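One structure below.
Predicted, not measured: the structure shown is a model, and the values here were computed from it. Numbered from 1 within each chain, the chains take letters A, B, ... in sequence-line order.
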Protein chains: 2
Amino acid sequence: MSSNIKDVARHAAVSISTVSRVMNMPDKVAKETRDKVLNAIRELNYMPNALARGLIFKRTKSLGVLIPDISNMFYSEMLHGMEAAAHDQNYNLILCNTDNNKTRMMESLSVLKEKQIDGLIFTSEPIYPDYHELFLKLQIPIVLAATHSLEYDLPSVKVNDEQASYDATEYLIKNGHRQIGMICGSITDQVTAMPRLQGFLRALKVHQMEADMEKLVEFGSYKFEDGYHAMHKLLEKYPDITAVFAAGDERALGAISYLHEKGKSVPEDISVIGFDNLRLSQMSIPKLTTVGQPLYEIGYLAVEKLDHLIQKEHVPELRTYVDHQIVERQSVKMRNHESV
Amino acid sequence: MSSNIKDVARHAAVSISTVSRVMNMPDKVAKETRDKVLNAIRELNYMPNALARGLIFKRTKSLGVLIPDISNMFYSEMLHGMEAAAHDQNYNLILCNTDNNKTRMMESLSVLKEKQIDGLIFTSEPIYPDYHELFLKLQIPIVLAATHSLEYDLPSVKVNDEQASYDATEYLIKNGHRQIGMICGSITDQVTAMPRLQGFLRALKVHQMEADMEKLVEFGSYKFEDGYHAMHKLLEKYPDITAVFAAGDERALGAISYLHEKGKSVPEDISVIGFDNLRLSQMSIPKLTTVGQPLYEIGYLAVEKLDHLIQKEHVPELRTYVDHQIVERQSVKMRNHESV
DNA sequence: CTGAAAGCGCTTACAG
DNA sequence: CTGAAAGCGCTTACAG
């Protein structure tokens, strides 16, 4: 059905070497011959088989992307950036959803290796020892996006979560808040939740405030419902709270939703600051003040870095930390200091 | 660096044919030989090269996916379903963001073809004649997801937009609303916006209500801001409106946001119903009543259908229409009939 | 049950 | 400037 290089050669009455040459080094072919071949290519709708080329070049111009949950806006925005960079560098992305399932992640990685991807983007999740072992075994260039590893020397691109968290908390403090709670990810998450918790606590200490984790912090997963329930518990154990730092926009919206149901107005009664600056943080009522991390850019940079690693076999900067910023919207209220 | 079939053969002291056989038809190999080979494979960390196999089998177990905007929740949710089905059927997904750009879409399709994908999922967007021409030329099995084509015989999976829209509108009517406006996609969009508009108008007529498009409908893109502005204009030309059907959840949130700013309460003053049932429709205040389409399922079914098409070279049902449903939440208020 | 050979669709030294 | 040959890493008739 699809024509191959032999068909073209026959049609143009030349050898397949010549056809190959007009595709790869056209100036080494006489103009007349070249035109003959070009015509044959056009008439037969010939397209070279990338598998055959990949076999020879040992390069497929395909990158693997491992993502826990594509339908999560956090990842889809990063993925968007990755795709843009991939397109700019002439790569394609092979996408695997891992569902946060170790087995599935390791299986996916194996088939990606068999498919001869040039490199891999690995997102979130910590790098477990068996992951690292597999990485070594597979010998694939890897860049981590929105995660990093302190144990292993793996290139990565992410935000400084501890500092971002510190800044979010300090922002609340500078707005006059003295009773601040936090809704945090699972404490077992060393990559994201832990540093955010530390940044929160550090800001409290620096400003000479009570930093009692038991009282001030609720833990839970990143979803809306988790934020909702965490807010419930937080309010129970700390009723005179004036602000909460929800380390994740979806959690923040869940918290706002709970407060709304309880007749507490945001930000009049209680202020809320989120984390991520997902698109949905602009769509809520009130619009969510949040610490923004450049997800698209993280994805874009990760692929650029991977490309560099593939081409030069090293990377200019192992761990890249991109800037975050406080995105001021409407969910945090400035309190009078007297009222403290 | 990575070992190949020759290395394994050497290591196990057999021919490469035998190695190949233990991978493809193990029972045709003597147990003793098989174990020798299996051991060699393990010791060398051998993984077969899928390019070489693909070249022979003329099958890559890779599918192309063309998506206008991955960071749009609408697509990322469908993509999630596609990935799940792909995983279940042992495919990988090669993802291309087209940015709604015809050139980019056609270029992407060409490289996917060169990479020998077994099939393609094409989402949204109408099928222009040049698209169809390219499809024919490329000879790739194709399934349309969340779009369809009436002009061409292409397999598709989507919701019945006209009926869904009719149902949404009738739902408002049954809740006592008589002054209903609509926020609709661009009228040039024959695939989605047009049928939704028709469903809206049909419901009004069936219920003997005024169906004046000029007065009742505002057009715009799908984003939050577009919904916001459309609501503004709609309210200006139709101030005594009691309900609006926003054909898209993001639009609906934009509309709610505008109403909120103008001091109109939803649903007390004005009711809003959306379309899609994206995850964010559960996160707003008030939670959005909407007509749900099963995005994950559409993605899943599209890939299943594509697999069927690839294997049997036909499809049991050309155009599949999946069920929609009204998801009742808090943004629509029941009005007394006296007040009409 | 096992191996040598041809072939999948290309590219690239090597001759000429 | 052009072609024949070898080779990328596999699979599968074909012999034996």
Figure out the [atom1]/[atom2] separation between [X] and [N], and round it to whole Å.
X: B/Leu55; N: D/dT12; atom1: CG; atom2: C1'; answer: 14 Å
X: B/Arg10; N: D/dG9; atom1: CZ; atom2: C1'; answer: 13 Å
X: B/Arg34; N: C/dC1; atom1: CZ; atom2: P; answer: 9 Å
X: A/Gln116; N: D/dG9; atom1: CD; atom2: P; answer: 9 Å
X: B/Lys36; N: C/dC1; atom1: NZ; atom2: C1'; answer: 12 Å
X: A/Lys6; N: D/dA5; atom1: NZ; atom2: C1'; answer: 14 Å
X: B/Met23; N: D/dC10; atom1: CE; atom2: C1'; answer: 10 Å
X: A/Phe57; N: C/dA13; atom1: CZ; atom2: P; answer: 10 Å

Next on the checklist: With a cut-off of less than 4.0 Å, is there a side-chain N or O of B/Arg53 near OP1 or OP2 of D/dG9?
Outcome noted: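 No, because none of the side-chain N or O atoms of B/Arg53 sits under 4.0 Å from OP1 or OP2 of D/dG9.
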Checklist entry - Within the pair B/Asn49 and D/dG9, is there a side-chain N or O less than 4.0 Å away from OP1 or OP2? => result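 So the side chain of B/Asn49 is outside the cut-off, no N or O lying under 4.0 Å from OP1 or OP2 of D/dG9.
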Ignoring hydrogens and angles, tell me if any N or O in the side chain of [X] forms a donor-acceptor pair with the backbone of [Y] under 3.5 Å.
X: B/Thr60; Y: B/Gln116; result: yes
X: B/Arg21; Y: B/Lys28; result: no
X: A/Asp118; Y: A/Leu63; result: no

Checklist entry - Between B/Asn24 and A/Thr33, which has a closest nucleotide on DNA chain D that is more 5'? => result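 Nearer the 5' end of the strand: A/Thr33.
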Checklist entry - Do B/Arg53 and B/Phe57 meet the cation-pi criteria used here (NZ or CZ under 6.0 Å from the six-membered ring centre, within 45° of the axis)? => result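 No.
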Which part of the nucleic acid, if any, lies within reach of [X] when heavy atoms closer than 4.0 Å are counted: base, sugar-phosphate only, or nothing?
X: A/Leu51; value: nothing
X: B/Val14; value: sugar-phosphate
X: B/Met47; value: sugar-phosphate
X: B/Lys58; value: sugar-phosphate
X: A/Thr18; value: sugar-phosphate

Checklist entry - What nucleotide, of D/dC1, C/dC1, D/dC10, holds the atom closest to the side chain of B/Ala30? => result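 Of all the options, the side chain of B/Ala30 is nearest to C/dC1.
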Item to check | First of A/Arg21 and A/Ile56 reached from the 5' end of DNA chain C, by closest nucleotide | outcome: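 Whichever sits nearer the 5' end wins; that is A/Ile56.
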Next on the checklist: I want to confirm an ordering. Mapping B/Ser17 and A/Pro48 to their closest nucleotides on DNA chain C, which one lands closer to the 5' end?
Outcome noted: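 Looking at the nearest nucleotide for each, B/Ser17 comes out on the 5' side.
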Checklist entry - Given that both distances must come in under 3.5 Å, which nucleotide forms a Watson-Crick or G-U wobble pair with C/dC14? => result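 Pair assignment: C/dC14 / D/dG3.
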Next on the checklist: Please evaluate residues B/Leu144 and B/Lys158 with respect to the criterion side-chain contact (heavy atoms from CB on, under 4.5 Å), reporting the C-alpha separation (whole Å), side-chain torsions for both, the decisive distance (0.1 Å), and the verdict.
Outcome noted: CA-CA 8 Å; B/Leu144 311 178; B/Lys158 75 186 284 289; over 6 Å; no
